[in-house]
Engineer: 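Have a look at this one before I ask anything.
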Amino acid sequence: MNTPFLKISFFHSLRGKLILLFLVVLLIPLILEPLTYIQAKNALKTEVINKLIAVRDIKTQQIENFFNDCLKDVKLLSKHPSIIAAMESFEESIHKDMTVLGADETEIMKQYRSLYMGKPNLENSNDDSAYSAIHAQYHFVLKAYKETHDYYDIFLVEPHAGTILYTVEKENDYGTDLKDGPYVDTNIGHVFKKALVATHRDFTILEDFAYYAPSKKAASFVASPIFDDSQKIIGLLIFQLSTNQINAIMQENSGLGQTGETILVSSDDFLLRSDSRFSEKSTLLKQKVNTEATRAAAIGEEGVKEILDYRGKKVIIAYKPIHVSNVRWSLNAKIDKAEAFVTMQKMWYEMLIITILGILIGIALAFRFSYSIIKPIRVMTNVAHQLALGNINQTIEVKSRDEIGLMGNAFNQMIINLWQVIEDIVQVSQGLANGNLHVMPQSEYRGELVQIKNALETALSNQRQVVEDIVQVSQKLMQGKLDIKFQAKYEGDFIYIKTALETALSDQQKVITDIVKVSQGLAEGNLDVTPTAKKYKGDFIQIQNAIETTSISLRQVIENIVQVSYGLAEGNFHTMPDKIYQGNFVKVKNALESTAARLAETSAENTMQNWLKTGQAQLNDKMSGEQDMITLAKNIIVFLTTQLEAQVGLFYLVENINRQRQTYHLNMLAYDTHTQHKNVALRFHFSENLVGQAALEKQMITFTINSGLEKTIPSHLAAVPFLYEDSVKGVIELGFSETMSEIQEEFLGQAMSSIGIAVNTAESRAQMQTLLEQKQSEKLQN
């Protein structure tokens with residue numbers, strides 16, 4: 001017999017409440033996702049800003065060191081006795097030639113220009129003039145000093161008319177005067193006028209870059225006065241600087257990606273003082289960069305901003321004014337915002353797609369799951385309703401094998417038992433109605449129903465009252481009333497019927513109340529709601545266990561998700577879900593673990609890059625200034641062993657013992673050790689041992705020693721040559737207790753070029769000092 005389903009509003013139905021509960025749980029990741037993304041983006045932005053600030057500060061220090069070294073060089077050389085003697089000798093030679101030839105100074109300088117113009121390698125024109133003799137004496141030394149320190153040109157200028165008496169390169173400015181000549185309004189003319197008014201020997205001046213016609217390129221000048229023993233200015237020493245070294249510093253873009261760069265900008269005209277990496281042509285003195293950052297740096301501020309740069313791109317820029325002599329510059333380190341946050345943008349799309357797919361799948365599963373639960377319950381509800389209406393001939397088709405299936409089977413058995421009991425009761429009742437008090441129940445009674453049979457058999461005299469009371473109770477049950485009171489006086493075995501009915505009704509009332517309370521709490525998001533009844537009986541225990549298990553599982557999963565999200569927001573990338581996730585919650589767990597792994601990887605990579613940059617800057621600081629070779633070697637090897645956590649470090653320097661045969665030795669110049677070692681070799685030939693082989697091959701060589709003494713001697717060795725212009729200048733040998741990591745090898749590879757430059761500079765300085773001392777000694781002997 002088919003029965004129609006009862007009409008219940010969707011939002012008041014159990015199915016509606018289950019679907020709403022699923023939707024609330026599925027929306028939690030979507031609510032938490034923006035918070036996680038914002039925290040992760042802020043963390044990444046902080047990392048990018050810190051990296052830009054570190055690059056900016058390192059580049060600023062390098063630029064300031066470069067110009068300070070130039071100012072220090074020109075100051076020290078202007079005080080050197082050989083330069084003072086050279087200035088006096090050139091002045092005297094011109095006066096002698098004027099007397100011999102009977103010409104004025106202008107004619108004499110024209111003659112010198114015709115002999116030396118455009119011939120920077122010519123030492124003596126052999127014209128028997130006093131000037132050529134002095135030129136031959138000092139040209140070799142000054143030319144060597146220029147090449148050693150990588151200056152574009154060196155000038156000696158007399159102070160009266162500003163005549164350039166000597167220049168290494170012999171360009172078109174040679175022999176002209178800087179008071180009335182063609183270059184009086186250039187930056188060399190400006191630096192001449194400013195240095196001419198100096199009152200002490202330590203005065204130095206730097207003139208900003210500008211286009212310089214004789215060199216056909218941009219140039220900057222540093223100058224210092226030359227005083228004689230009576231504190232009188234007898235001349236000026238001027239160095240011409242090129243942009244090569246500045247570009248070498250500014251265009252080193254490690255750690256700045258594809259769109260990052262560092263630039264120098266004048267705070268006076270906002271024109272570039274370095275070439276942009278994004279232009280094939282020179283941008284120096286051509287590209288104007290008038291931005292919010294350069295204007296802030298022009299008034300002495302430093303900081304970080306998000307602006308549109310000179311290329312029209314949104315960038316994150318770290319800016320800072322540079323303090324060198326009297327020039328006003330700022331240094332900017334920047335990177336395109338799109339590149340800086342490309343990882344977060346990709347992560348946001350992936351999180352959004354995963355969340356949306358999870359919600360769609362969860363909604364589909366919620367509808368399917370709720371339908372599978374509600375369908376048999378609705379069938380049983382309608383059957384119970386029909387039973388309440390007196391339609392006993394009902395059956396339930398049971399396909400599931402879960403608790404609902406068991407309930408359906410029990411319901412079917414209850415209908416069968418009830419049908420049998422009712423037939424028997426009807427038969428007895430008809431007999432009683434007909435006055436047949438000998439009618440006896442014929443059906444097989446089970447459980448508590450046996451008491452009915454016994455009551456019918458033993459209490460026929462009270463049957464009418466009991467039947468009437470049962471009819472009254474049945475009518476109230478049919479009306480859905482559970483607060484039933486028995487009116488008849490039960491005696492004997494009938495008292496059991498009354499007690500059993502009261503207990504069953506009370507238990508049912510408690511169970512239904514608990515189910516409604518817990519379901520409403522879950523629908524409202526209250527996961528702490530618990531059943532009120534203290535003890536369930538029979539099959540009701542399964543309902544109690546299911547309610548408690550569902551509440552505990554949902555509460556643990558949500559608390560774990562919140563804990564992991566807060567951990568990621570606070571930068572703890574190793575926070576992982578530690579609860580058991582089931583069903584669709586597994587996708588939430590996988591998304592959290594993937595996010596934490598990506599953030600941890602990004603943080604580790606940024607930490608390694610910062611370590612590399614900081615180490616390079618610290619090494620450059622250790623090598624800066626005028627140091628003799630032994631001090632420089634000791635500073636380098638001590639820093640490397642400490643920075644790389646090596647047990648021992650040795651510094652070998654190349655020595656040419658035979659120029660004709662080009663025979664070289666490697667001499668140990670300095671060492672640093674944290675363990676005791678004996679019999680350290682002090683000298684190697686090229687190709688001899690690990691050190692000599694590294695020098696011969698011009699590349700790093702590593703070697704592992706298998707020994708039982710690993711705790712007392714290094715078991716992993718590395719020999720790394722450092723070069724200057726493809727010439728081996730020396731070898732660093734390091735010993736480790738463990739194999740070098742990739743980041744340690746990368747640091748060594750980057751550091752070798754800086755060490756080669758520093759060692760070559762120190763050697764050139766020592767050679768220059770030796771040459772100057774030799775020239776001075778020869779002059780004294782003559």
Side-chain angles (χ1 to χ4, degrees), residues 611-612 615-616 618-620 622-623 629-658 662-707 709-763:
W611 182 81
L612 280 176
Q616 289 294 336
Q618 292 174 349
L619 177 59
N620 289 335
K622 293 292 183 181
M623 298 187 300
M629 185 58 69
I630 294 178
T631 302
L632 178 63
K634 184 65 177 178
N635 287 341
I636 290 172
I637 200 64
V638 168
F639 176 80
L640 289 180
T641 54
T642 302
Q643 181 74 3
L644 300 176
E645 298 180 353
Q647 288 181 291
V648 63
L650 304 174
F651 186 103
Y652 290 91
L653 187 67
V654 172
E655 178 185 1
N656 190 335
I657 62 173
N658 192 323
Q662 295 186 346
T663 304
Y664 300 93
H665 275 165
L666 288 160
N667 290 334
M668 188 182 73
L669 202 60
Y671 71 92
D672 183 42
T673 178
H674 299 284
T675 58
Q676 294 184 355
H677 296 279
K678 297 181 179 180
N679 300 326
V680 177
L682 300 178
R683 174 174 292 186
F684 288 108
H685 290 287
F686 273 38
S687 78
E688 181 182 1
N689 203 295
L690 185 68
V691 175
Q693 191 65 31
L696 182 64
E697 296 181 5
K698 295 184 179 180
Q699 62 182 9
M700 181 192 298
I701 298 178
T702 59
F703 186 74
T704 300
I705 301 174
N706 295 320
S707 170
L709 301 175
E710 294 181 355
K711 295 184 178 180
T712 58
I713 64 172
S715 56
H716 302 277
L717 302 179
V720 191
F722 51 88
L723 293 76
Y724 180 79
E725 295 183 350
D726 202 38
S727 295
V728 177
K729 307 301 290 183
V731 176
I732 300 293
E733 183 178 16
L734 298 171
F736 301 88
S737 60
E738 297 179 355
T739 305
M740 279 197 301
S741 63
E742 292 183 1
I743 192 69
Q744 287 176 316
E745 292 187 5
E746 183 177 352
F747 179 83
L748 274 176
Q750 294 180 3
M752 288 305 105
S753 60
S754 299
I755 293 174
I757 294 172
V759 169
N760 183 74
T761 301
E763 288 181 339

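What you are looking at is a predicted structure, and each value in this text was computed from that prediction instead of being measured.
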Engineer: Taking C-beta and beyond as the side chain, do Lys622 and Gln643 meet within less than 4.5 Å on heavy atoms?
Structural biologist: no
Engineer: If every non-hydrogen atom of Leu734 is compared with every non-hydrogen atom of Gly649, which pair is closest and at what distance?
Structural biologist: CD2-CA, 3.7 Å
Engineer: With sequence neighbours left out, write down each residue that passes side-chain contact (heavy atoms from CB on, under 4.5 Å) with Thr739, or none if nothing qualifies.
Structural biologist: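 Testing Thr739 for side-chain contact (heavy atoms from CB on, under 4.5 Å), a comparison that skips the adjacent residues, returns His716.
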Engineer: Can you name the closest pair of heavy atoms from Val654 and Val728 and give their distance?
Structural biologist: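 Looking at all heavy atoms of both residues, the shortest contact is CG2-O, 3.5 Å.
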Engineer: Quick one: which residue pairs count as a salt bridge (charged side-chain N to carboxylate O under 4.0 Å, His left out) with a foot in residues 716-741, not counting sequence neighbours?
Structural biologist: Lys698-Asp726, Lys729-Glu763
Engineer: Hey, could you give me the CG/CD1 distance between Leu640 and Ile755, rounded to the nearest 0.5 Å?
Structural biologist: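 Between Leu640 CG and Ile755 CD1, I get 5.0 Å after rounding to 0.5 Å.
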Engineer: Just jot down the side-chain contact (heavy atoms from CB on, under 4.5 Å) partners of Ala670, sequence neighbours excluded, or say none.
Structural biologist: Ala633, Lys634, Ile637, Phe651
Engineer: Residues in ring pair (Phe, Tyr, Trp, His ring centres under 6.0 Å) with Tyr724, at least two apart?
Structural biologist: none
Engineer: Are the side chains of Leu669 and Ile630 in touch, meaning some heavy atoms are under 4.5 Å apart?
Structural biologist: yes
Engineer: Working to the nearest 0.5 Å, report the span between CG of Asn635 and CE of Met623.
Structural biologist: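 Going from the CG atom of Asn635 to the CE atom of Met623 covers 10.0 Å.
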Engineer: Could you tell me which non-hydrogen atom of Ala694 sits nearest to which non-hydrogen atom of Pro721, and how far apart they are?
Structural biologist: O-CG, 3.6 Å
Engineer: Which atom names give the shortest non-hydrogen contact between Ser715 and Ser737, and what distance separates them?
Structural biologist: OG-O, 3.3 Å
Engineer: Report the distance from atom CG of Leu632 to atom OG1 of Thr761, rounding to the nearest 0.5 Å.
Structural biologist: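 Here the interatomic distance stands at 9.0 Å.
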Engineer: Using side-chain heavy atoms (C-beta onward) and a distance below 4.5 Å, is Asp672 in contact with Phe639?
Structural biologist: no
Engineer: What pairs meet the salt bridge (charged side-chain N to carboxylate O under 4.0 Å, His left out) rule with one or both residues in residues 685-695, with sequence neighbours excluded?
Structural biologist: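 Not a single pair qualifies under salt bridge (charged side-chain N to carboxylate O under 4.0 Å, His left out).
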Engineer: List in chain and number order the residues that pass side chain to side chain donor-acceptor pair (under 3.5 Å) with Glu697, two or more places apart in sequence or in another chain; answer none if no residue qualifies.
Structural biologist: Gln693, Gln699
Engineer: In chain order, what residues pass the side chain to side chain donor-acceptor pair (under 3.5 Å) check against Ser754, with sequence neighbours excluded?
Structural biologist: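 Ser754 satisfies side chain to side chain donor-acceptor pair (under 3.5 Å) with no residue once adjacent residues are dropped.
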Engineer: What residues, two or more places apart in sequence or in another chain, satisfy side-chain contact (heavy atoms from CB on, under 4.5 Å) together with Tyr671?
Structural biologist: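 If we apply the side-chain contact (heavy atoms from CB on, under 4.5 Å) test to Tyr671, skipping adjacent residues, the hits are Leu650, Met668, Thr673.
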Engineer: Side chain to side chain donor-acceptor pair (under 3.5 Å) with Asn620: which residues, sequence neighbours excluded?
Structural biologist: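 Listed in chain order: nothing, the list is empty.
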Engineer: Nearest heavy-atom pair of Met752 and Phe722: which atoms, and what distance?
Structural biologist: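 So the minimum-distance heavy-atom pair works out to O-CB, 3.5 Å.
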Engineer: Can you name the side chain to side chain donor-acceptor pair (under 3.5 Å) partners of Asn689, sequence neighbours left out?
Structural biologist: none
Engineer: Listed by chain and number, what are the side-chain contact (heavy atoms from CB on, under 4.5 Å) partners of Ile743, not counting sequence neighbours?
Structural biologist: Met608, Trp611, Leu612, Ser741, Glu746
Engineer: Nearest 0.5 Å, what's the CE-CG distance between Met629 and Leu653?
Structural biologist: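 Rounded to the nearest 0.5 Å, the CE-CG separation comes out at 5.5 Å.
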Engineer: If I compare all heavy atoms of Ala718 with all of Thr702, which pair ends up nearest, and what's the gap?
Structural biologist: CB-CG2, 4.1 Å
